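Computed from a prediction, not measured in an experiment: that's the story for all the values here. In what follows, chains are A, B, ... by sequence order, proteins preceding strands, each numbered from 1.
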There are 2 protein chains.
Amino acid sequence: MSRDATPTRQPLSPDRVVDAGVALADSEGLDGLSMRELAQRLGVVPMALYKHVANKEDLLDGMVDRVWAEVEPPAPELGWREAMRRRSISLRDALRRHPWAVGLLEGRMRPGPANLFQHDAMMGCLRGAGFGFRTTVHVTSALDAYVYGFALQEKTLPFGTPEESGEAAARKLEATPPELAQRFPHLLEVAAELARAGYDYEEEFLTGLDLILDGVERLRPEWIAG
Amino acid sequence: MSRDATPTRQPLSPDRVVDAGVALADSEGLDGLSMRELAQRLGVVPMALYKHVANKEDLLDGMVDRVWAEVEPPAPELGWREAMRRRSISLRDALRRHPWAVGLLEGRMRPGPANLFQHDAMMGCLRGAGFGFRTTVHVTSALDAYVYGFALQEKTLPFGTPEESGEAAARKLEATPPELAQRFPHLLEVAAELARAGYDYEEEFLTGLDLILDGVERLRPEWIAG
DNA sequence: ACCTGAACACCGTTCAAGT
DNA sequence: ACCTGAACACCGTTCAAGT
């Protein structure tokens with residue numbers, strides 16, 4: 001119990017700093033995440049953060065591992081295909097909740113424990129299903145590349161629901177000068193179709209994912225060779 | 001001919017500003033690209049740039065379209081599969097030359113002419129080969145997602161050649177405390193294999209690309225339905 | 001009418017001075 | 001020994017003052 005008028009504020013910890021960092025990036029984007037703004041939201045002087053994180057890079061490391069911790073690891077008992085499918089969907093979902101993380105997930109110099117765990121589980125699931133070394137790396141690489149790239153497109157494109165996307169496409173179509181329409185007829189054709197029927201990210205993502213998994217399935221003869 | 005001692009410097013233009021922006025980002029990364037540094041390299045006061053580009057976002061728009069202009073458009077006469085394959089390889093090559101562009105290619109609010117041309121050519125090639133509307137969008141989306149995501153991984157991972165990657169993996173392996181090795185056995189196994197044989201980005205990229213193209217080929221029955 | 005230096009409102013991080 | 005305000009070296013961009 002403190003006697004003074006100001007409420008006793010709970011002490012800072014690395015976890016609280018990282019949590020607040022994730023919340024700030026979620027709401028304001030990566031550009032809105034500054035040490036100074038973060039400190040203000042936590043009710044402390046900027047300098048105080050540096051006792052709990054070494055610097056901004058260290059903060060980002062922690063934030064990225066929070067995202068990895070939200071990803072559902074592959075469950076080998078479902079069989080490799082369904083396990084890969086669900087974990088890819090779960091990764092995309094995490095990236096939709098935290099779009100700022102898309103460019104940061106890979107390539108951390110100091111991968112966190114959740115990151116290591118996820119990749120180990122991925123390798124373990126595929127190796128356990130009989131995939132060879134190289135094939136395991138190929139499959140992981142292709143699936144993750146697809147999810148990252150899709151998340152990048154999704155994050156970056158302006159519309160959410162199919163309806164919104166249809167309206168956006170329709171507006172764009174109206175605003176297109178006829179001279180441009182002539183130069184890019186196929187683009188216009190597709191834009192018109194999207195304006196009519198909307199663009200469903202969910203279906204788009206799953207179609208590509210299943211297409212890749214089909215491709216992986218066809219690697220079977222090479223399993224042992226991997 | 002100017003009479004004073006300082007050499008007559010060629011006048012600034014939007015093109016020169018954008019060119020210098022690409023060069024600066026290529027050599028120093030996106031973080032190193034500041035209006036002030038760019039101005040200094042061009043031998044002008046920062047303010048002078050604002051007569052040729054509206055602001056930094058406008059500069060980035062121009063830079064991104066430069067990258068699109070370097071991508072070889074699909075050549076329908078090769079057949080859709082080979083055309084898609086080459087254009088995907090060309091896109092990845094452009095992104096290797098300009099890694100800073102990976103997160104920026106999509107989602108420009110004001111797509112430049114080269115961007116529009118590329119997407120129109122992509123759609124045109126697939127529609128011309130008999131793919132339906134939706135299928136065309138699916139194929140474009142899946143291929144681009146894969147290339148973006150792969151470029152993201154590649155940009156972000158620390159090693160270049162297979163040999164370098166082998167050495168890096170070997171060093172990492174040595175530095176791994178046995179306690180971590182126990183917790184992540186599959187990761188260790190794969191790291192050991194990479195340390196032995198190296199990691200070949202080129203082969204990795206092409207394997208995934210062909211896997212996706214195989215998947216697309218299997219969509220044939222649905223062509224008309226698209 | 002044009003050009004630009006100074007200024008504004010920010011950054012991440014250091015460091016010395018104060019308790 | 002601990003804490004933190006002021007400072008440093010940056011940002012992108014505005015704007016008024018000078019020519």
Side-chain angles (χ1 to χ4, degrees), chain A residues 2-14 16-64 100-101 103-104 107-110, chain B residues 2-14 16-64 100-101 103-104 107-110:
Chain A
S2 155
R3 255 184 335 170
D4 43 18
T6 55
T8 343
R9 101 179 155 237
Q10 74 179 282
L12 235 47
S13 69
R16 278 195 67 220
V17 172
V18 172
D19 282 343
V22 169
L24 180 53
D26 284 349
S27 70
E28 305 299 324
L30 211 51
D31 285 346
L33 176 74
S34 75
M35 298 300 274
R36 292 168 118 104
E37 175 66 22
L38 183 58
Q40 190 167 340
R41 298 220 173 179
L42 285 164
V44 300
V45 80
M47 259 281 315
L49 301 177
Y50 287 84
K51 228 180 339 193
H52 301 100
V53 294
N55 48 38
K56 195 175 184 180
E57 201 61 25
D58 188 36
L59 169 65
L60 287 173
D61 283 343
M63 289 167 59
V64 165
W100 51 266
L104 306 175
R108 295 282 90 192
M109 284 299 132
R110 239 174 279 288
Chain B
S2 155
R3 253 184 337 173
D4 43 20
T6 55
T8 344
R9 92 177 165 240
Q10 76 181 279
L12 235 46
S13 70
R16 278 195 66 219
V17 172
V18 172
D19 282 343
V22 170
L24 180 52
D26 284 348
S27 70
E28 306 298 324
L30 211 51
D31 285 346
L33 175 75
S34 75
M35 298 299 274
R36 291 168 118 105
E37 175 66 23
L38 183 58
Q40 190 166 342
R41 298 221 174 178
L42 286 164
V44 300
V45 80
M47 260 281 314
L49 300 177
Y50 288 82
K51 228 180 337 191
H52 302 99
V53 293
N55 47 38
K56 195 175 184 181
E57 202 59 27
D58 188 37
L59 169 65
L60 287 173
D61 282 344
M63 290 168 59
V64 164
W100 51 266
L104 306 176
R108 295 281 92 193
M109 284 300 133
R110 240 174 278 286

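Pairing each heavy atom of B:K56 with each of B:S34, the nearest pair is NZ-CA, 4.3 Å. Of all the heavy atoms in B:G21 and B:L33, the pair that sits closest is O-CD1, 3.8 Å. Closest approach of A:A39 and A:P46 over heavy atoms only: CB-CA, 3.4 Å. In plain terms, the two heavy atoms of B:Y50 and B:N55 that are nearest each other are CE2-CA, 4.0 Å.
For the pair B:V53 and B:D61, the minimum side-chain heavy-atom distance is 4.5 Å or more.
Regarding A:L59, its CG atom lies at a distance of 14 Å from the C1' atom of C:dT13, rounded to whole Å. If you take NZ of B:K51 and P of D:dT13, they are 17 Å apart, rounded to a whole angstrom. Distance CG (B:D58) to P (D:dG12): 14 Å, rounded to an integer number of Å. Computed from coordinates, the B:L42 CG to C:dT4 C1' distance equals 17 Å when rounded to whole Å. Residue A:Q40 contributes atom CD, which lies 14 Å from atom P of D:dG5 at whole-angstrom precision. Regarding A:L38, its CG atom lies at a distance of 9 Å from the P atom of C:dG12, rounded to whole Å.
Remark: side-chain polar atoms of A:H52 are paired, donor with acceptor, to backbone N or O of A:L12 under 3.5 angstrom.
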For nucleotides 14-19 of chain C, which of its nitrogen or oxygen atoms have a protein nitrogen or oxygen under 3.5 Å away, and what is each distance?
none

Kindly give the atom pairs (protein nitrogen or oxygen, nucleotide nitrogen or oxygen) under 3.5 Å for nucleotides 7-11 of chain D.
| from | atom 1 | to | atom 2 | distance (Å) |
| --- | --- | --- | --- | --- |
| D:dC11 | OP1 | B:S34 | OG | 3.1 |

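Pair assignment for D:dT19: C:dA1, on the basis of Watson-Crick or G-U wobble contacts that are both within less than 3.5 Å. Figure legend. C:dA6 is base-paired to D:dT14; pairs are counted as Watson-Crick or G-U wobble with both atom distances under 3.5 Å.
Comparing C:dA9 with D:dA9, their P atoms sit 22 Å apart, to the nearest whole Å.
Heavy-atom neighbours of A:R110 CZ from other residues, nucleotides or ligands within 6.0 Å: at or below the threshold of 12. For A:E37, the CD atom is densely surrounded, since the number of other residues' heavy atoms within 6.0 Å is greater than 12.
With rounding to the nearest 0.5 angstrom, the CZ atom of A:R108 is 5.0 Å from the CD atom of A:E57.
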